Engineer: 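This is the structure I have questions about; it appears just below.
Just so it is clear, the structure is predicted and the values come from calculations on it, not from any experiment. Quick note on labels: first sequence line is chain A, next is B, and so on, each numbered from 1. Side chains included, hydrogens not; waters and symmetry mates left out as well; all remaining heavy atoms used.
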Amino acid sequence: MFEKEQQLIEGKIKAYCVANDIALAELKWQPIPFSGEWGTSTSFFQTAANEARAGKGDKVPVPQRAQEIAEQVRAEIGSVGGVSHIEAVKGYINVYYKTSDYAQRVVDEVLASRTDFGRGDSKNERVMVEYAQPNTHHSFHIGHYRNTILGEVLARLTEFAGFDTIRASYPGDIGLGVITVMWAYDKFYRGQEPEGIHERGQWLLKLYVEATQLLEKKDGETPEQAAKREAHDAERREMYQKWDAGDEYVRELWKTTREWSLEELRDVLDMIDVKMDVWFYESDVDEPSKSIVEELIEKNIADDERPEGGAVIVKIDEKLGLTKEKYRTNVILRRDGTTLYLTKDLALAKEKFEKYQVDRSIYVVDVRQSLHLQQAFAILKLWGFPQAEKCYHLGYGFVSLPEGAMSARRGRVVLFKNVYDEAIKRVLAVESERSGNIPEAERESIAKQIGLGALAYSMLAVDNNKDIVFDMNEALSFDGRTGPYIQNAHVRANSILKKSQVEGQTPELGPATFDFELTKHEVELIEHISRFPNAVQQAANEYRPLVMAAYAYDLANTFHSFYHAVPVLQSEDENIRNARLRLVSASKQVIANALRLLDIQAPDVM
RNA sequence: GCCCCUGUAGCUCAAUGGAUAGAGCGCCAGCCUUCUAAGCUGUCGGUUGUGGGUUCGAAUCCCGCCAGGGGCGCCA
């Protein structure tokens, strides 16, 4: 925002140092921590330290010498347009901007750009974010939700930051787990089908639990029980073989039940406003991945141990020439010729690189699969894909329950849909208590926005590499550092604007200047707003939704304080009233932009 | 055995080499005839697991140790 002024000052500092034989170290500018006003600062510690190391400076302590330089430089700079004053403190030089200029620039820019405020310039680079990879024939649980919201927000961030972004889902639609459900369905429930997308999807999970009970070896089982269990297992294996061979009946059964799961998944994604660009299915890459195995053997990357009754493996460390074990060795084809997760991931990566021309490939996957993905990336490198360098595993800690890990086998899972329903129920209860002014018809829709806002934020406000113990009361809390807190700031801003009869009535907010004495609340609000574009870039570059989550809260917090302390509509001076209205409008816009990046709705009333 | 992650206020978490380590929850005390109290203001609360090292400066980087979690050739 003040790049020109900063550059001018930097130039003067450099000139002064050259003239006075001071070996200036690189200048790093950063905002001044606390201020009733705002500005930017840089320090001279590094320069002083360099001098001390070179034996200059007569053994003056570094902080003292840094302060000396800061004072000398300060005297030299003189006055700069747009800058109110410059001070030398504790080895830092603080440049304070002229309040009115700064405020005006920030607010005007937001109001000119609106929904595009904070959008980065195009980076001419294509990013694919792969997330939402639940298995079919299960049901979408709260762990899948964490994955999906993280991936979606990351995609929104990279897109807004200037990357060409592709969203990709990769459901696991085949495997022993899938066959297990099909077997149970075919044997015990053939022809049945519950009403309702979610009921039907969740029913498949129940079948899985039931089937697992029947197929699991139990302590002290009688020979008859054991025989029965083994017979069941044989049926299941037979079904898998039939699927593999393309048996018409089994394939049809698979397609039908698979579609039930995918319908449920699509509906969940729709509920949380996620629109996928590309759908990859595990079953689609099964065949292509087999030819990849042959290619890797030919290229002497993979070793074929099948002649000795083994599998096809890749000795990754050895092929990379590493002496210490890092990636180890892994199997890419079973001895029976069937593929593995790793095999399919290689085929998928090839398609991403060749068909979709992605420059960066981000995998939002549980941190427990870290070694596995590192192995995949290493093999891609051996294979000759330069993009392997830009494959990135965004790992996240797993979501467990207060009573322990979630376990689909034991039926101990918290389903997303149940949390969603509970969230709406709780918000509606609060609404009936506090929001008497909202028409009955609108309440349901707002309850969805608030409930999902609480849930999304509870996931996003924790660093992705930390595990989460899912607690319904915490996840659906509406007080304090939560989604609804941020949404409420948006609502309050809207409330002022609505009452001012500015928005909606006239297209333009009244003109205003900020050359009156601003309160510290206004100053802080403006500063936070001005930081938004940087927060977008940082969050996207570091692949960290948390950065944006933290930013959104801080902005809302600043707005709430402003709202409480500074009258807007009651301002007697017309210029001040207009200036504050412009500030409120800008605040509302930036809060909305931040919430949008977090996949959280910004309601006008709540 | 090897590798990865985590350890910060009573609890849940921020702070990725800079100024006095910050929020929320909880506790306590204030604030609604005044733009929505899902809010605001204030109080209390810290040897950043531990011992060294690097640096002008370390929660942050390096090494050791302790504690918890996860992973390691035919599951995904």
Side-chain angles (χ1 to χ4, degrees), chain A residues 28 30 32-34 41 43 45-46 48-53 61-66 89-92 94 133 135 172 175-177 282 305 310-315 324-336 338-345 365-372 374-375 395 397-398 400 427 430-431 433-435 437 450 454 458 461-463 465-469 471 474 477-485 487-489 491-500 542 544 546 549-550 553-554 557 560-570 580 584 605-606:
Chain A
K28 286 178 282 189
Q30 58 189 44
I32 303 168
F34 166 76
S41 71
S43 71
F45 294 114
Q46 195 59 58
N50 290 348
E51 281 186 356
R53 209 168 292 136
V62 167
Q64 192 183 325
R65 174 63 184 145
V89 176
K90 295 180 186 172
Y92 288 81
N94 294 335
Q133 318 95 328
N135 289 337
L176 195 60
E282 213 178 317
E305 295 183 341
V312 180
I313 62 170
V314 181
K315 294 174 180 168
K324 279 168 71 179
E325 71 169 9
K326 184 170 180 187
Y327 300 107
R328 303 172 191 243
T329 296
N330 210 347
V331 176
I332 57 170
L333 197 70
R334 290 190 186 93
R335 70 175 69 193
D336 67 3
T338 55
T339 64
L340 290 123
Y341 178 59
L342 179 59
T343 330
K344 293 169 200 163
D345 243 334
V365 180
D366 188 326
V367 72
R368 284 173 293 191
Q369 293 177 28
S370 178
L371 175 62
H372 217 92
Q374 294 312 313
Q375 290 177 328
F398 59 90
S400 63
V427 180
V430 175
E431 278 186 349
E433 199 177 292
R434 307 183 199 181
S435 315
N437 52 333
I450 307 298
S458 75
V462 180
D463 200 279
N465 57 16
K466 277 200 170 152
D467 293 342
I468 289 181
V469 176
D471 179 284
E474 274 177 35
S477 165
F478 308 139
D479 302 322
R481 200 171 187 279
T482 63
Y485 175 95
Q487 291 171 313
N488 189 38
V491 165
R492 286 177 137 185
N494 180 64
S495 184
I496 294 174
L497 295 170
K498 203 166 55 184
K499 219 159 228 188
S500 77
E542 296 177 6
R544 289 181 65 208
L546 170 67
Y553 173 77
D554 288 343
N557 182 24
H560 276 302
S561 295
F562 161 84
Y563 176 91
H564 179 80
V566 183
V568 177
L569 300 175
Q570 286 91 340
R580 286 180 177 160
V584 170
V605 289
M606 67 188 272

Engineer: So does A:Asn330 get a side-chain nitrogen or oxygen closer than 4.0 Å to the phosphate oxygens (OP1/OP2) of B:C72?
Structural biologist: no
Engineer: Report yes if the ring of A:Tyr563 lies under 5.5 Å from the six-membered base ring of B:G39 with planes under 30°, and no otherwise.
Structural biologist: no
Engineer: Students often get this wrong, so: under 4.0 angstrom with heavy atoms, is A:Gln369 touching a base, only sugar-phosphate, or nothing?
Structural biologist: base
Engineer: Base, sugar-phosphate, or nothing: which does A:Arg335 touch, judged by heavy atoms less than 4.0 Å apart?
Structural biologist: base
Engineer: For a quick test of reading the model, state the closest non-hydrogen atom pair linking A:Arg334 to A:Val331 and the distance between them.
Structural biologist: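 Scanning both residues, the minimum pair turns out to be N-CG1, 4.3 Å.
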Engineer: Can a salt bridge be assigned to the pair A:Asp366 and A:Arg368 using a cut-off of 4.0 Å between side-chain N and carboxylate O?
Structural biologist: yes
Engineer: Measure from the side-chain heavy atoms of A:Gln570 and tell me the nearest of B:C2, B:C35, B:A19.
Structural biologist: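 Selected nucleotide (nearest to the side chain): B:C35.
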Engineer: From B:A38, B:G24, B:C74, pick the nucleotide closest to the side chain of A:Tyr553?
Structural biologist: B:G24
Engineer: Could a donor-acceptor pair under 3.5 angstrom be found where the side chain of A:Ser41 meets the base of B:A19?
Structural biologist: yes
Engineer: Would you call B:C65 syn or anti, using the 90° rule around 0?
Structural biologist: anti
Engineer: What integer number of Å spans the P atoms of B:C65 and B:G10?
Structural biologist: 29 Å
Engineer: At under 4.0 Å between heavy atoms, what does A:Val605 touch on the DNA or RNA strands: base, sugar-phosphate, or nothing?
Structural biologist: base
Engineer: In whole Å, I'd like the distance from the CZ atom of A:Arg434 to the P atom of B:G39.
Structural biologist: 8 Å
Engineer: Would you please test A:His372 and A:Asp345 for side-chain contact (heavy atoms from CB on, under 4.5 Å) and show each step?
Structural biologist: CA-CA 10 Å; A:His372 217 92; A:Asp345 243 334; 5.6 Å; no
Engineer: Given A:Asn488 and A:His560, is the side-chain contact (heavy atoms from CB on, under 4.5 Å) satisfied, shown in steps?
Structural biologist: CA-CA 9 Å; A:Asn488 189 38; A:His560 276 302; 3.5 Å; yes
Engineer: So, OP1 or OP2 of B:G69: does either fall under 4.0 Å of a side-chain N or O from A:Lys466?
Structural biologist: no
Engineer: How are the rings of A:Phe45 and A:Tyr92 set relative to one another: parallel (under 30°), tilted (30 to 60°) or perpendicular (over 60°)?
Structural biologist: perpendicular
Engineer: Under 4.0 angstrom, heavy atoms only, what part of the nucleic acid is A:Arg368 near: base, sugar-phosphate, or nothing?
Structural biologist: sugar-phosphate
Engineer: What distance do A:Asn465 atom CG and A:Arg544 atom CZ have between them, rounded to the nearest 0.5 Å?
Structural biologist: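 It is 8.0 Å, given to the nearest 0.5 Å.
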Engineer: When the C1' atoms of B:G22 and B:C56 are considered, how many whole Å apart are they?
Structural biologist: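 It works out to 25 Å between them.
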Engineer: Does the structure show A:Tyr485 stacking with B:G39, if we require the centres to be closer than 5.5 Å and the planes to be within less than 30 degrees of parallel?
Structural biologist: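 Taking the rule of under 5.5 Å and under 30°, the ring of A:Tyr485 does not stack on B:G39.
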Engineer: Considering only the P atoms, how many Å lie between B:C25 and B:G42, rounded to the nearest integer?
Structural biologist: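 Roughly 14 Å separates the two P atoms.
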Engineer: Under 4.0 Å between a side-chain N/O of A:Asn50 and OP1 or OP2 of B:C56, yes or no?
Structural biologist: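 A:Asn50 to B:C56 OP1/OP2: no side-chain N or O under 4.0 Å.
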Engineer: Which nucleotide wins on minimum distance to the side chain of A:Met606, given the candidates B:A76, B:A38, B:U6?
Structural biologist: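 From the listed options, B:A38 comes nearest.
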Engineer: Ignoring hydrogens and angles, answer whether the base of B:C3 and the side-chain atoms of A:Glu325 contain a donor-acceptor pair closer than 3.5 Å.
Structural biologist: no
Engineer: Could you tell me how far B:A15 sits from B:U8 if I compare only their C1' atoms? Round to whole Å.
Structural biologist: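 Taking atom C1' in both B:U8 and B:A15, they lie 10 Å apart.
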Engineer: At less than 3.5 Å, do the side-chain atoms of A:Arg328 and the base atoms of B:C2 form a donor-acceptor pair?
Structural biologist: yes
Engineer: Within less than 4.0 Å of OP1 or OP2 of B:G57, is there a side-chain N or O belonging to A:Lys90?
Structural biologist: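 Negative; the distance criterion is not met.
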Engineer: In whole Å, I'd like the distance from the CG atom of A:Leu342 to the P atom of B:C72.
Structural biologist: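 In whole Å, B:C72 P lies 13 Å from A:Leu342 CG.
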Engineer: Taking the side chain of A:Ile496 as heavy atoms from C-beta outward, which of B:A14, B:C35, B:G39 is closest to it?
Structural biologist: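 Within the option list, the nearest is B:C35.
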Engineer: Across all strands, who's sitting opposite B:C65 as a Watson-Crick or G-U wobble pair, both distances under 3.5 Å?
Structural biologist: B:G49
Engineer: At 4.0 Å (heavy atoms only), tell me whether A:Asp554 reaches a base, stays on the sugar-phosphate, or touches nothing.
Structural biologist: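 The answer is nothing, as A:Asp554 stays clear of every strand by at least 4.0 Å.
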Engineer: Begin with the C-alpha distance, continue with both residues' side-chain angles, and end with the deciding distance and a verdict on side-chain contact (heavy atoms from CB on, under 4.5 Å) for A:Leu333 and A:Thr338.
Structural biologist: CA-CA 6 Å; A:Leu333 197 70; A:Thr338 55; 6.0 Å; no
Engineer: Heavy atoms from C-beta onward define the side chain here; which of B:G39, B:C75, B:C72 lies closest to that of A:Leu371?
Structural biologist: B:C72
Engineer: Given the rule in the side-chain contact (heavy atoms from CB on, under 4.5 Å) test, do A:Arg492 and A:Val584 qualify, once you have shown the distances and angles that lead to the verdict?
Structural biologist: CA-CA 9 Å; A:Arg492 286 177 137 185; A:Val584 170; over 6 Å; no
Engineer: Starting from the 5' end of RNA chain B, give me the residue, A:Arg481 or A:Gly175, whose nearest nucleotide shows up first.
Structural biologist: A:Arg481
Engineer: Checking all strands, does A:Val566 fall into the base, sugar-phosphate, or nothing category for heavy-atom contacts under 4.0 angstrom?
Structural biologist: base
Engineer: Which part of the nucleic acid, if any, lies within contact of A:Val367, taking any heavy atom under 4.0 Å across all strands shown: a base, the sugar-phosphate backbone alone, or nothing?
Structural biologist: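 Since no nucleic acid heavy atom lies under 4.0 Å of A:Val367, the category is nothing.
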Engineer: Look at all strands and tell whether A:Glu305 reaches a base, only sugar-phosphate, or nothing, counting heavy atoms closer than 4.0 Å.
Structural biologist: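 Since no nucleic acid heavy atom lies under 4.0 Å of A:Glu305, the category is nothing.
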Engineer: Using the C1' atom on both, measure B:G39 against B:A76 and round to a whole Å.
Structural biologist: 46 Å
Engineer: Please state how far atom CG in A:Asp479 lies from atom P in B:C27, giving the value in whole angstrom units.
Structural biologist: 12 Å
Engineer: Judged by each residue's nearest nucleotide on RNA chain B, which is more toward the 5′ side, A:His372 or A:Val427?
Structural biologist: A:Val427
Engineer: Of all the nucleotides listed (B:A37, B:G69, B:G71), which has the minimum atom distance to the side chain of A:Arg492?
Structural biologist: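 So the nucleotide nearest the side chain must be B:A37.
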Engineer: B:C13 and B:G17: how far apart are their P atoms, nearest whole angstrom?
Structural biologist: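 Their P atoms lie roughly 23 Å apart.
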Engineer: Taking atom C1' in both B:U60 and B:G49, what distance in whole Å separates the two?
Structural biologist: 16 Å
Engineer: At 4.0 Å (heavy atoms only), tell me whether A:Ile332 reaches a base, stays on the sugar-phosphate, or touches nothing.
Structural biologist: nothing
Engineer: When you measure from the side chain of A:Glu474, which nucleotide among B:A23, B:A38, B:U12 comes out closest?
Structural biologist: B:U12
Engineer: Is there a donor-acceptor contact under 3.5 Å from the side chain of A:Ser400 to the main chain of A:Val469?
Structural biologist: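 Not confirmed, A:Ser400 side chain does not pair with A:Val469 backbone.
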Engineer: Answer with base, sugar-phosphate or nothing: what part of the nucleic acid does A:Asp467 contact at a heavy-atom distance below 4.0 Å?
Structural biologist: sugar-phosphate
Engineer: Would you tell me if any nitrogen or oxygen in the side chain of A:Arg334 comes within less than 4.0 Å of OP1 or OP2 on B:C75?
Structural biologist: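 It does, given that an N or O in the side chain of A:Arg334 lies less than 4.0 Å from OP1 or OP2 of B:C75.
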Engineer: Would you indicate, yes or no, if B:A15 has its OP1 or OP2 atom less than 4.0 angstrom from a side-chain nitrogen or oxygen of A:Arg544?
Structural biologist: yes
Engineer: Assign A:Leu569 to base, sugar-phosphate, or nothing according to its heavy-atom contacts below 4.0 angstrom with the strands shown.
Structural biologist: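 Base contact.
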Engineer: Just to be sure I understand the rule, does A:Thr329 reach a base, reach only the sugar-phosphate, or reach nothing, if contact means heavy atoms closer than 4.0 Å?
Structural biologist: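 Contact class for A:Thr329: base.
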Engineer: Quick one: label A:Asp345 by what it contacts on the DNA or RNA (base, sugar-phosphate, nothing), any heavy atom closer than 4.0 Å.
Structural biologist: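 Counting heavy atoms under 4.0 Å across all strands, no contact is made by A:Asp345.
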Engineer: Rounded to whole Å, please give me the gap between NZ in A:Lys326 and P in B:C4.
Structural biologist: 9 Å
Engineer: Would B:G73 be called syn or anti here, given the cut-off of 90° from 0?
Structural biologist: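 Glycosidic conformation of B:G73: syn.
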Engineer: Taking the same atom, P, in B:U6 and in B:A14, what whole-Å distance lies between them?
Structural biologist: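 Taking atom P in both B:U6 and B:A14, they lie 10 Å apart.
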Engineer: Would you confirm whether A:Arg580, through its side chain, and A:Pro567, through its main-chain N or O, come within 3.5 Å as a donor-acceptor pair?
Structural biologist: yes
Engineer: If only side-chain N and O atoms of A:Ser561 are considered, is one of them under 4.0 Å from the OP1 or OP2 phosphate oxygen of B:U41?
Structural biologist: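 For A:Ser561, the contact criterion (side-chain N or O under 4.0 Å from OP1 or OP2 of B:U41) is met.
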Engineer: Describe the nucleic acid contact of A:Asp336 in one word from base, sugar-phosphate, nothing, applying a heavy-atom distance below 4.0 Å.
Structural biologist: nothing
